[in-house]
Structures are given as C-alpha cells and as structure tokens.
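Before any comments, here is the structure.
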Amino acid sequence: MRMTTVKPGGLKTLHELRQRLAAVQEEMARGPRQIQARKTALKKKQDELEQKRQALKQLKMTADQKNLQLKTNEAKINDLRAKLNSAGSNREYEILTGQIDADTMANSVLEDEILETLSRVDLVQVEVKTAEQDVKAADEALAKTERDVKAAEEGLKQQSTALAAEVAQAETILPPEVVLQYRRIVQSMGPDALSAVENKACGNCRVQLTAQKLIELGSGKIFFCTCGCLLYMPNK
Ligand SMILES: [Zn+2]
C-alpha cells in the first residue's frame, strides 16, 4: 500500500495557524455578544427606573387623595361646629358633638397616613435618582463597548483574512486524497481537527498509540485518530 505522507512540521504549522485563526474569529464573535449583554443590562435598568417612577407617581396620587379627603373632612367638621351653635336640643347637641369627635379622630389618622406617605415619597424619590444614575451608567457602558468593538473590528478582520490565507497556504501540503476528510473534520471540530501526539497518545482524545503507529507518524504518514482528528508528531 502506498503511504500517504506529509512533510515534517507542516501539520504542526497548520494546527497553530488554525488555532490562531479560530482565536481571532472567536474574538470577532465576542464583540456583538458583549454589545448584546450591555443592551440587556441597560434594558433591565430602564425597566427598574420605570417601575420606580410608577411607584412614585402612585404614592404622590395617594398623598393627594388623602390630602383632599382631609380638606373635605375639615370642611365637614367646620359645618358641624356651625350647626352646634344653633343646636335646638341637648340630643341634637350630643349627636353633633359625637360626629365632630369621630371626624376629628378620622382626620388625625388621615394626617398620620399622609405623613407616612410623604416620607415614602421622599424615599422613592431617592431610589428614582439612583435608578436614573444606573441607567446613565449602563448607557455609557454600552456606548463604550460599542466604540471598543468598532475600534477593534477592522484590525480583527485584517488578521482573520491574513490568517485564513496562511491557513490555505499551509493546507497545500495535504495530499489530495485526505483533503475531503480533513475538510469534514475541520467543519465539525474546528481547530481541534488537528492534534499533536502527547505521551504516545492522541492529544485530543488521549487514546494510546501503538509503537508502529508512532513510527509511521514520525516518518510523516498521514493518520487520522479514532476521534477523527489528524495526528502529527509535535517535534517533527
Ligand atoms: Zn484522538
């Protein structure tokens, strides 16, 4: 059987180039992911701010309603007091006094509630301010990431193109009869399509290699491991 061989060092170079190309491609893919993560973070902060604003609006409405109720009750009490002066009987006087007492008590409770609501308004106002700062920070972080990614984009593209050309050049050492299989493995394993022999085993899947196979690999024979990858001796 004719032995399919490759020149020494060629596969190692090809492997290294493929790894560098994959690293550059990974970095290119990371940019849009980082931008997306920043956008998600910004949206979350915007939602939190909106919730705080709604809560503040609700509290202010509650305070206004209670204030209005207080004013209405005060007017009612004044009314009752006026009637008290013209009470026609003791019975009527007692009833009016009872109503005034009850309404005064109700207003006292209402005043407490208004104070409590106003102090919550103050708290939530502070929370809204904080949330606004958070949105601003998230917005700036997004803008910075977008700038950084954009600034790196052109360089990465150039690196990628240059490395892809180097890879193509390095691949010319592959005998034509293995190219198809090699392409298939690159498709599924990426830069791990090639693997150096480490401690007499496949560096990728760790399967032990026979002495015979090691000799053949050493002489430059093309050999695909059972895991699929293209093996090579690192020191050759
Ligand atoms: Zn293997």
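Just so you know, these numbers come straight off a predicted model, no measurement behind them. Ligands are counted one by one from 1 in listed order, and the atoms in each one are counted from 1 as well.
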### Task
Check the Zn ion (ligand 1) and write out every protein N, O or S atom at under 2.8 Å, as residue and atom.
Cys202 SG, Cys205 SG, Cys225 SG, Cys227 SG
### Minimum side-chain heavy-atom gap Ile173-Thr13 below 4.5 Å
no
Let me check something: any side-chain donor-acceptor pairs from residues 27-41 under 3.5 Å, sequence neighbours excluded? List them with distances.
residue : atom : partner : partner atom : Å
Arg33   : NH2  : Glu26   : OE2          : 2.7
Arg38   : NE   : Thr145  : OG1          : 3.0
Thr40   : OG1  : Gln36   : O            : 2.9

### Query
For Glu50, what residues pass the salt bridge (Lys or Arg N to Asp or Glu O under 4.0 Å) criterion, not counting sequence neighbours?
none
### Query
Hey, is the main chain of Cys229 close enough, under 3.5 Å, to the side chain of Ser195 for a donor-acceptor pair?
no
#### Entry: Pairs involving residues 182-203, ordered by first then second residue, that meet salt bridge (charged side-chain N to carboxylate O under 4.0 Å, His left out) (sequence neighbours left out)
Glu171-Arg183, Glu198-Arg206
### Task
Just do the salt bridge (Lys or Arg N to Asp or Glu O under 4.0 Å) check on Glu216 and Lys213 with the steps written out, would you?
CA-CA 5 Å; Glu216 287 176 5; Lys213 275 185 179 147; over 6 Å; no
